[in-house]
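Because the structure is predicted, anything quoted here is derived from the model rather than measured.
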Amino acid sequence: MPELVLQITRAGFLALLWLFVLAALRVVRSDLYAASGLRAAAPGGRRPSTRGGTSKPARGGGRSGPRALIVTAGALAGTRIALDGRPIMIGRADDSTLVLDDDYASTRHARISQSGDDWYVEDLGSTNGTYLDRNKVSGPTRVPVGSPIRIGKTVIELRS
């Protein structure tokens with residue numbers, strides 16, 4: 001009888017070990033899947049323009065669109081990121097444009113990208129959500145200049 005109990009205990013331990021390995025692989029797979037979202041096109045299917053001498057003057061013809069992303073609240077308050085047409089990745093990942101050291105931010109939390117003359121915020125499947133002016137973002141959402149975007153304890157705004 002003790003030999004049977006020992007074999008059942010070993011089998012149970014082995015089953016638990018495999019469940020742990022499968023759970024770890026699932027987490028790694030979800031992180032890799034989220035990282036592939038970096039290559040997605042901006043809302044509206046428009047790719048960001050390349051830096052060139054003609055792209056900036058054509059855009060600035062008398063209009064004052066947003067020129068910077070400013071962190072207004074949180075650990076990085078006062079941080080300024082110039083807007084140059086490239087998407088801005090926000091999250092805890094080291095390769096993000098704005099790296100947040102916030103327990104409420106996901107690894108790949110949100111993306112702010114340009115489509116035409118407008119800027120859009122998009123939640124990338126974060127756990128705690130992204131909020132634009134107290135409204136939860138569920139898809140690519142146009143961001144007016146000066147509207148607060150909240151990610152965890154961090155608040156950012158587009159400024160002219």
Side-chain angles (χ1 to χ4, degrees), residues 20 22-160:
F20 174 76
L22 292 175
L25 288 174
R26 182 176 174 217
V27 169
V28 169
R29 180 178 169 248
S30 69
D31 281 350
L32 289 175
Y33 180 72
S36 69
L38 291 170
R39 295 179 201 90
R46 181 183 173 271
R47 294 264 182 205
S49 61
T50 59
R51 287 182 162 181
T54 59
S55 64
K56 291 244 181 194
R59 185 174 167 231
R63 294 206 297 163
S64 62
R67 296 182 185 191
L69 181 74
I70 309 285
V71 179
T72 58
L76 298 173
T79 302
R80 178 184 184 95
I81 298 174
L83 300 177
D84 59 1
R86 290 182 288 179
I88 297 172
M89 298 299 296
I90 303 169
R92 292 188 308 185
D94 290 334
D95 62 344
S96 296
T97 311
L98 181 61
V99 179
L100 302 178
D101 185 22
D102 188 341
D103 292 336
Y104 298 104
S106 297
T107 305
R108 307 247 184 264
H109 196 101
R111 174 179 39 230
I112 297 176
S113 55
Q114 186 179 19
S115 179
D117 290 331
D118 296 325
W119 286 85
Y120 291 83
V121 64
E122 178 181 5
D123 187 81
L124 300 176
S126 65
T127 305
N128 294 312
T130 302
Y131 293 85
L132 174 63
D133 204 16
R134 296 186 181 171
N135 298 316
K136 190 168 185 173
V137 173
S138 58
T141 306
R142 186 179 165 280
V143 180
V145 175
S147 294
I149 301 168
R150 185 172 59 81
I151 297 172
K153 297 176 183 175
T154 305
V155 179
I156 56 179
E157 293 180 9
L158 293 176
R159 298 265 177 94
S160 299

Working to the nearest 0.5 Å, report the span between CD1 of Ile81 and CD1 of Ile156. 7.5 Å
Around atom OH of Tyr104, are there more than 12 heavy atoms from other residues, nucleotides or ligands closer than 6.0 Å? no
Excluding sequence neighbours, so at least two apart, what forms salt bridge (Lys or Arg N to Asp or Glu O under 4.0 Å) with Asp101? none
Could you walk me through whether Asp95 and Arg108 pass the side-chain contact (heavy atoms from CB on, under 4.5 Å) check? CA-CA 10 Å; Asp95 62 344; Arg108 307 247 184 264; 2.8 Å; yes
Quick check: closest heavy atoms across Tyr120 and Pro140, and the distance to 0.1 Å? CD2-C, 4.2 Å
Please report the shortest heavy-atom distance between Ser160 and Val145, naming the atom on each side. OG-CG1, 3.9 Å
Which of Ile149, Leu124, Val121, Leu98 passes side-chain contact (heavy atoms from CB on, under 4.5 Å) with Ile90? Answer is Leu98
Val155 and Pro148 have their tightest heavy-atom pair at CG1-CB, 3.7 Å
Pairs in or reaching into residues 132-155: which pass side chain to side chain donor-acceptor pair (under 3.5 Å), with residues at least two apart or in two chains? Asp118-Arg142
Contact between Thr107 and Arg92 at the side-chain level, heavy atoms closer than 4.5 Å - yes or no? yes
Backbone of Gly129 reached by a side-chain donor or acceptor of His109 within 3.5 Å: yes
What distance separates Ile151 CD1 from Ile112 CD1, expressed to the nearest 0.5 Å? 6.5 Å
Could I get the full list of side-chain hydrogen bond (donor to acceptor under 3.5 Å, both in side chains) partners for Asp123, not counting sequence neighbours? Ser126, Thr130
Residues passing the side-chain contact (heavy atoms from CB on, under 4.5 Å) test with Ala68, sequence neighbours excluded, are Ile70, Arg80
Measure across Val137 and Glu122 and return the closest heavy-atom pair with its distance rounded to 0.1 Å. CG1-CA, 4.4 Å
What residues, two or more places apart in sequence or in another chain, satisfy side-chain hydrogen bond (donor to acceptor under 3.5 Å, both in side chains) together with Asn128? none
